[in-house]
Amino acid sequence: MATQFITQTKRTHTCGALRAADIGKEVVLFGWVQNRRDHGTLIFIDLRDREGLTQIVFDPDLGKEAHERAQQLRSEWVLGIRGKVRARGQQMSKKEGKVVSATNEKLSTGEIEVEVFEMEIFNKSETPPFEISEHVKAGEEMRFEHRYLDLRRRPIQQALITRSKMNALTRAYMVENGFLELETPFMGKYTPGGARNFLVPSRLNPGKFYALAESPQLYKQLFMVAGFERYFQIVKCFRDEALRLDRQPEFTQIDVEMSFVTQDDVFTIIEGLIKTLWKNVLGIDVPTPFRRMDFYESMSKYGNDKPDLRFGLEHVELTELVKKLGAEGGAAMLSDAVAQKNGIVKAMVVPAKYALSRKDTDELEVFVQGMGAKGLGRAKISETGEWTQAPLFKTASDALKNGILEATGAQKGDLILFQFGKESQVHTVMANLRVQIAKKLKLIPEYGSGGVWNFLWVVNPPLFEFDEEANQWAAAHHAFTRPHDDCVQYLETDPGKVKCHRYDVVLNGFEIGGGSIRLHSPEVQSRVFKALGIGDEEAREKFGFLLDALKYGAPPHGGIAIGMDRLAMLLTNAESLRDVIPFPKTQKGTDLMTGAPGDVDEKQLRELYVKSTAQPK
RNA sequence: GGGGAGUUAGUUCAGUUGGUUAGAACGCCGCCCUGUCACGGCGGAGGUCAGGGGUUCAAGUCCCCUACUCCUCGCCA
């Protein structure tokens, strides 16, 4: 009896399968007890498996023995049952005092139920530490500690099922388009620059370390050199950096590299991939090609390179205006700000119809101060045209005020918000402020798409950025990005002016992928290194194998990597990356379920020639 | 590395100015119930108020430290 189910009595249907058409069939279901409604004689159980819920009924008239044992059933016990499908039909409701329909429209299986005449309890369950339910949501800490239970919850299962589908669709699409799925090592050689690496000590090579790949970047270029032409991989990457809502220390990329292509060829492939995913998962037609936006336009209007275009609230540059007027502007704090190096002034208009209160604005000030801003400059344009709540502009000239009104297009009743100071700081604050206000005004939801999918490419960023600390130009992304042909002339004279074939694909304010056309000309490569202050010898030491490879007939090539976790998060409207990763890590990189990272004993460390310098607590 | 929020029953939370026995909902246990479906009714159990130190006649409440969780700036070529 104990082994009759499974070995002899096989499952005939899943818990999401039965419909009215199955009425009368004898079926075998396996699943977990989602819910129990014991009426003393009749007992209703919602039986759950990954496909859905089916109501099973224990009626003493139909299976006395099963009914007796059903009384002890509790949440999360796992069962096999044999029974007959029947219509729920019309039933006499005691509560309502009349005959009503007993179907449940909330369930896909709601027209039917299964009357049980035989049951095997495969396993009992302790009372779970939190309810496995969509209605009661436990905190993340509790859910991660018992992730195997959390993973039973419908929303998480749905997200992971969707992710599985995305993987399958991606593979099919890429293969169809001539891409080969090729693997690359996780354990490689440490190369400087970029994200901090996780290191793995080598037992066979005392004192030496592997670095876990932060991406397959170098290897995929080597595939191009080798002539594979089109490569892709759904691959884990590792970065030992601070975690965020949309960042985990190990994450998955759809990694792509192509030979003999322009930037637009790469875009077309990725647009097609996204179109395929959205069509097949959500049934939504994403229009292509995506909008292209110049990097400088993005920084100017949105303060970052991943603008959320679902709403307006664009930034307005006031730097030139303030500079031009100088002391005549009469607002000393602004003219002082633009006088300093990289000093800028920017504004954002919140239209009168949104009616931000004084209290709202004060809250926003606290918000920006949390990002290092000194305050939140503001000016409310009253119905009579007065500038109120505007201490910044107490002594400002009409020329400045009118100039600002003209530049911003602010109308009576509107509120203008200002930031000024160092460019990078102003951009960070203004970018976050814009999104914060949009959420506050419900122009976008706290999380999720709100049904609007706004894709775009951010293109033509600078190849270099100036590192103030090192007093040296540094690669804005990496040193192997191809500069625009008409910018190559500035490599020596004005490196800041050099734009490059680098691109990011952005969805609703999240960077979901980025890549570049690679530099395959040894001559230009050498000039780029020179601009970065990297000599031939140093370059050889750092990137020798790649530079060697490029000398043996490297084809023009380029690629991109799509953040699979972020894509899944956005596509499923999840609140966090952690909701689309089966076993995620906390913000400190720990796993609350396994306790990783954990201690190891001295002997293990000795074998690895490693000694901890951590102070015992 | 910096800033912010939080930690009270199994879970999610409330807890007033520091004042007698720390509450609610859900869950759990028991009894009752033949049409429920987040069933219902009656009854019950359940607390190291994160940990440590301090102030006080008196601390869940005030102060300091530590730990953990989340958000965020820096960081993430």
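Keep in mind that this is a model prediction, so the values were computed, not measured. Below, read A as the first sequence line, B as the second, and so on, with proteins coming before strands; counting in each chain starts at 1.
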Pairwise P distance, B:G54 and B:A58 [rounded to whole Å]: 12 Å
Contact under 4.0 Å: A:Ser133 side-chain N or O vs B:C26 OP1/OP2: no
Gap in Å between the two C1' atoms, one belonging to B:G40 and one to B:G46, rounded: 23 Å
A:Asp591 bridged to A:Lys585 by N-O distance under 4.0 Å: no
Shortest side-chain distance from A:Arg86, nucleotide among B:C73, B:C70, B:G35: B:G35
Salt bridge flag under 4.0 Å for residues A:Asp579 and A:Arg143: yes
Nearest-Å distance for atom pair CD/P, residues A:Glu141 and B:A67: 15 Å
C1' spacing across the pair B:G44 / B:G6, given as an integer number of angstrom: 33 Å
Side chain A:Arg143 and base B:U11 donor-acceptor under 3.5 Å: no
Length of the line joining A:Glu145:CD and B:C70:P, which is rounded to integer Å: 13 Å
Side-chain donor/acceptor contact of A:Arg88 with base of B:C37 under 3.5 Å: yes
Selection: residues 584-591 of chain A, any non-hydrogen atom under 4.0 Å of RNA chain B: A:Thr586, A:Gln587, A:Lys588, A:Thr590
Protein-nucleotide distance (A:Arg153, atom CZ; B:A38, atom P), rounded to Å: 17 Å
Upstream residue (5' side of RNA chain B) when A:Arg578 and A:Asp46 are each assigned their closest nucleotide: A:Asp46
Toward the 5' end of RNA chain B, by each residue's nearest nucleotide, A:Gly370 or A:Ala475: A:Gly370
Nearest-Å distance once atom P is located in both B:C73 and B:C65: 25 Å
Rounded P spacing from B:U55 to B:C64 in Å: 15 Å
Sugar-phosphate only, base, or nothing, as touched by A:Thr103 at under 4.0 Å among non-hydrogen atoms: base
Parallel, tilted or perpendicular, as decided by the 30° and 60° cut-offs, for the rings of A:Phe529 and A:Phe543: parallel
Among B:U69, B:U34, B:C37, the nucleotide that comes nearest once only the side chain of A:Gln55 is considered: B:C37
Members of residues 235-248 of chain A that approach RNA chain B, where some heavy atom sits under 4.0 Å away: A:Arg239, A:Glu241, A:Ala242, A:Arg244, A:Leu245, A:Arg247
Lys/Arg-Asp/Glu bridge criterion (N-O < 4.0 Å) met for A:Arg196, A:Asp240: no
Note: A:Lys306-A:Asp308 ion pair, threshold 4.0 Å (strictly below): no
B:C13 versus B:C71 - spacing of their P atoms, nearest Å: 15 Å
Complementary nucleotide of B:A5, counting Watson-Crick and G-U pairs under 3.5 Å: B:U69
Out of B:U34, B:C73, B:C70, whichever nucleotide has its closest atom nearest the side chain of A:Thr428: B:C73
Distance, rounded to the nearest Å, where A:Glu76 contributes CD and B:G27 contributes P: 14 Å
Residues A:Arg147 and A:Glu140 bridged, charged N to O under 4.0 Å: no
For A:Glu115, the option from A:Arg88, A:Lys84, A:Arg86 that meets salt bridge (Lys or Arg N to Asp or Glu O under 4.0 Å): A:Arg86
From B:U36, B:C70, B:U11, nucleotide with atom closest to A:Ala102 side chain: B:U36
Out of B:G35, B:C76, B:A38, whichever nucleotide has its closest atom nearest the side chain of A:Leu42: B:G35
Donor/acceptor link under 3.5 angstrom from A:Gln369 side chain onto base of B:G3: no
Phosphate-side-chain proximity, A:Arg37 and B:G41, N/O vs OP1/OP2 below 4.0 Å: no
Audit row: A:Phe466, A:Asn471, side-chain contact (heavy atoms from CB on, under 4.5 Å) steps and yes/no: CA-CA 7 Å; A:Phe466 198 74; A:Asn471 196 36; 3.3 Å; yes
Value in whole Å for how far the P atom of B:A38 lies from CD of A:Glu105: 13 Å
Closest non-hydrogen atom pair, A:Gly496 against A:Tyr296: O-OH, 4.2 Å
Same-atom distance (P) from B:A45 to B:A25, integer angstrom: 15 Å
Phosphate OP1/OP2 of B:C73: any A:Asn432 side-chain N/O under 4.0 Å: yes
A:Phe130 over B:U11, stacked by centroid distance under 5.5 Å, angle under 30°: no
Rounded distance (Å) that lies between atom C1' of B:G10 and atom NZ of A:Lys137: 19 Å
Sugar-phosphate, base or nothing in reach of A:Gly110, heavy atoms under 4.0 Å: nothing
d(CZ, A:Phe144; P, B:C68) in whole Å: 17 Å
Side chain of A:Arg74 - closest among B:A38, B:C29, B:U11: B:C29
Touch class at under 4.0 angstrom, heavy-atom based, for A:Ala476 against every strand present: sugar-phosphate
Between B:G15 and B:C57 - C1' atom distance, rounded Å: 23 Å
Plane angle bin for A:Phe480 and A:His478 - parallel if under 30°, tilted between 30 and 60°, otherwise perpendicular: tilted
Mate of B:U36 where both pairing distances stay under 3.5 Å, Watson-Crick or G-U: none
Partner nucleotide, any strand, of B:C29 [Watson-Crick/G-U, under 3.5 Å]: B:G43
Residue A:Gln472 excluded, over 12 heavy atoms near CD under 6.0 Å: yes
Rounded distance in Å - CZ (A:Arg154) to C1' (B:C37): 15 Å
Residue A:Thr41, side-chain heavy atoms: nucleotide from B:G35, B:U34, B:U69 that is nearest: B:U34
Check against salt bridge (charged side-chain N to carboxylate O under 4.0 Å, His left out), A:Glu257 and A:Arg518: CA-CA 10 Å; A:Glu257 195 77 6; A:Arg518 323 301 180 189; 2.7 Å; yes
Other residues, nucleotides, ligands: >12 heavy atoms within 6.0 Å of A:Arg50 CZ: no
